[in-house]
Amino acid sequence: MTKVIAMLKRTGPEFRESSRQVESALGRLGVELWTSPALRRVADQMSAKPPDLQGRLDLILATPDGEFGRDGIIWADGADWQSSTTEGAAAAQAVAAKVREQAKSGTFDAQTVAELEKHKNDPLFAAAFAKEIPPDELKRLISRMFRTDLPPTGRPDEKDLNTEKKVANLFSTILGTASRAGKLPNKYADELLKDLGDPQSAFAIGKLLDKGKFDHAFMLDVVKRVYDYDVAHPQARAREPEFPPPGQDKIQHAPDVSPMSTVLSALIHHPKVGQDFFTDPKRRPLAYLMRERRWGPESDTLLGAALYEASTKFRDHGMPREQSSGYKAALIASWASHYWAEEKVQQNLPNTRIWAASIHANYISDVHRAYQAPPTMEIGVDAANDPDKSLSGLQPYGAVFNKDELKKAMTWAFKDNDAFMTVAAAHGQYSVKVLDETASGLAAEVRAEFAAWHKSHPEATKKQIDEKRQDILEKKMGGGGGAFEFQGAVNDLSETTYAITDAANIAKIEEAKKNDERYAAWKNMATKIIDLAPGPQGKFVGLLVSQAKDHIYGKFTPNSEDKARVAAGNAMEDAKIMFRDATAAAMMRNGLFGDGSVPAPTHPHASKQYPKGSNGDFLVNGEIKSKDEMTATEMKAYNEWLYLNRATKRVFYGADSAIDRNS
């Protein structure tokens, strides 16, 4: 587009001048040229287009990372382009004057806020506004708005600062727009970070970086500078004293205004910046940030969120691997898990349990592989051509975890029930997906063998066809090939189940009694595993974790009745039942209980007592119902079919002994 703009700028005037010369020459010859006025109009239009095209190009260049439209195309919204260069400067000057005046009184009227809102995504306005109110003045405005000159007990209450917070967010958005368009003044970062060690200045810097979507290079440069300052100035990390408000006993935490705290929210909103920063080979910041640096009660949560975004937002298997977002993401996940296993880090980051669990949930296939492999001290990235061969499709780069460190990190994280439920749901989702794809492969083997037989026996009767199909199925399920792989998957996944429940201290009944709510959540999952959707083949499991958690625990509310039942429970027995159910569901989805239309003797509809359509029919659209949706009669029919029916046992076995610590 830059070349097109330059061509139009050059061609328009040349076209107009050539038209006049041709018209003049023909006029001297007495020839009338009727098309000349039209040619001049074309030339005028060509000359008028460059500003509009330049505006659209600036919008495209200012589009943040990851905000592409369909098929990777950037769709620039012209509605954001509110002004020309001259109009942008005039509007910025007028709005800046209002902001200055109203900041003195501490009250911003609706019209001023609306003007800022109107122009927040306009690069030309943003560039002019950044020059009109330089960083030093902007920081003073924010300090005045939030009264940071007062001690924490004397500052306005958060609920009374809604307008001020909105204005600060708009300032941040406008600066982000200017940076993405490459229109911030030279050395803007120098001015912005001036007096970083001053609490009031640090507070204002944090607000100005908080909500905007900044240019990658600009934000990375800012974060690195702040980090270097933080490391070099330990006295700047001291937090303001905290005292209870007058007449109250509870401490009101002062905002963390230490240098690194100013960029934590920005790192959450800029995951690619986070990736480049956390994997910086020169600084290697994770050890310092997680182990050495002391954080305030809210800032450690932000650090955890920033680590989560950097390690999960962009997953791929791109090359060269060191430049791949997926490679960097896995490297961060591996090292963060390594540090979370340390007691010192756990004490330093007490509010990051959910973030540690969420990262492990997104890397649940790597957690599973770590528990299957021999103990190793190696950590880093699994850079194999396909890191998870248990699933179809090319999976993104995986993280290499240490088995012993995993248990330490999870045991600590699982003191938060939500953290436990997150990882348990992820493992349930992964298990269902692996079982489903393995069952699908086994079903394909059965179909292929039957198709070969049928081709060689074209005259076979329907009875012979049905019997042969069932005979092939039962022999296949008896061992070897896909059946061996299927049973192996069940056993491997069950070992990881034991590891997770062991880390949550619910693996034994006596420990379970002490963790009623956590155990009740586990039992809730065990009943819903049947109808947990495996998701489309080739889809990365991490993308399904949130919906799996919502599905399993979305309506879970532990009550006294749940807790009363817990005392009689046993986590490992529940896990056995869960895996039997998950295995049966996967087999049913893939036709491994035989043809339901016949029905085959191993299929539930073959029951004389509970045939298709009866009050004991527990299938919906050919799939097994969730246990928490089954009626008492359906549950009875299900248990009789799965556990007591001799025919069923001809295809369903091997899962009963799956859950075993020493399997």
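Reckoned from all heavy atoms, side chains included, excluding hydrogens, waters and symmetry mates.
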Separation between [atom1] of [X] and [atom2] of [Y], rounded to the nearest 0.5 Å:
X      : Y      : atom1 : atom2 : answer
Thr107 : Met145 : OG1   : CE    : 11.0 Å
Thr177 : Asn121 : OG1   : CG    : 4.5 Å
Leu289 : Phe277 : CG    : CZ    : 5.0 Å
Glu292 : Lys344 : CD    : NZ    : 6.5 Å
Phe218 : Leu175 : CZ    : CG    : 7.5 Å
Phe125 : Gln93  : CZ    : CD    : 11.5 Å

Between [X] (side chain only) and [Y] (backbone N and O only), is there a donor and an acceptor less than 3.5 Å apart?
X      : Y      : result
Asp195 : Asp198 : no
Tyr363 : Ser311 : yes
His119 : Ala92  : no
Ser337 : Ser334 : no
Ser172 : Gly212 : yes
Asn351 : Thr301 : no
Asn169 : Lys165 : yes

Sequence neighbours excluded - salt bridge (charged side-chain N to carboxylate O under 4.0 Å, His left out) pairs with any residue from [range]:
range            : result
residues 277-290 : Lys224-Asp280, Asp228-Arg283, Asp280-Arg283
residues 326-337 : Asp276-Lys328
residues 306-319 : none

What pairs with Phe203 under ring pair (Phe, Tyr, Trp, His ring centres under 6.0 Å), at least two apart in sequence or on another chain? Phe146

Are [X] and [Y] close enough that some pair of their side-chain heavy atoms sits under 4.5 Å apart?
X      : Y      : answer
Leu209 : His269 : no
Leu193 : Ile205 : yes
Arg321 : Val381 : no
Leu124 : Lys183 : yes
Val545 : Ile364 : no
Phe314 : Ser324 : no
Phe129 : Leu116 : yes
Pro135 : Lys194 : no

Show your reasoning for whether side-chain contact (heavy atoms from CB on, under 4.5 Å) applies to Glu132 and Arg100. CA-CA 11 Å; Glu132 192 67 34; Arg100 285 193 183 98; 4.1 Å; yes

Closest contact, heavy atoms only, [X] versus [Y]:
X      : Y      : answer
Asp230 : Pro259 : OD2-CB, 3.5 Å
Pro396 : Pro387 : O-CG, 3.2 Å
Phe278 : Ala306 : CE1-O, 3.9 Å
Gly535 : Leu544 : CA-CD1, 4.1 Å
Gly274 : Ala310 : C-CB, 4.0 Å
Ala89  : Ala128 : CA-CB, 3.6 Å

Ring pair (Phe, Tyr, Trp, His ring centres under 6.0 Å) contacts touching residues 315-334 (sequence neighbours left out):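 Output for this query lists His317-Tyr397, Tyr327-Tyr397.
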
Are Lys207 and Phe171 in a cation-pi contact, defined as NZ or CZ under 6.0 Å from the six-membered ring centre and within 45° of the axis?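 Lys207 over Phe171 ring: no.
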
[X] side chain to [Y] side chain, donor-acceptor N/O pair below 3.5 angstrom:
X      : Y      : result
Gln395 : Ser365 : no
Trp335 : Thr279 : no
Ser265 : Asp210 : yes
Thr422 : Lys549 : yes

Taking only Lys NZ, Arg NE, NH1 and NH2, and the carboxylate oxygens of Asp or Glu, determine whether [X] and [Y] approach each other closer than 4.0 Å.
X      : Y      : answer
Lys120 : Glu117 : yes
Arg353 : Asp418 : no
Glu342 : Arg291 : yes

side-chain contact (heavy atoms from CB on, under 4.5 Å) between Trp295 and Leu302, intermediate numbers included: CA-CA 10 Å; Trp295 294 96; Leu302 296 178; over 6 Å; no

Over 12 non-hydrogen atoms of neighbours within 6.0 angstrom of CG in Asp190: yes

Could you tell me whether Lys166 atom NZ has more than 12 heavy atoms of other residues or ligands within 6.0 Å of it?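 At most 12 heavy atoms, drawn from other residues, nucleotides or ligands, come within 6.0 Å of this atom.
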
Could you go through Thr352 and Val345, starting from their C-alpha distance and side-chain angles, then the distance that decides it, and tell me whether this counts as side-chain contact (heavy atoms from CB on, under 4.5 Å)? CA-CA 10 Å; Thr352 61; Val345 174; over 6 Å; no

Under 6.0 Å between the ring centres of His360 and Phe401? yes

Output, in order, the C-alpha distance, side-chain angles, deciding distance and verdict of side-chain contact (heavy atoms from CB on, under 4.5 Å) for Arg144 and Leu141. CA-CA 5 Å; Arg144 193 179 305 131; Leu141 283 174; 3.6 Å; yes

What pairs with Ser358 under side chain to side chain donor-acceptor pair (under 3.5 Å), at least two apart in sequence or on another chain?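 Ser358 satisfies side chain to side chain donor-acceptor pair (under 3.5 Å) with no residue once adjacent residues are dropped.
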
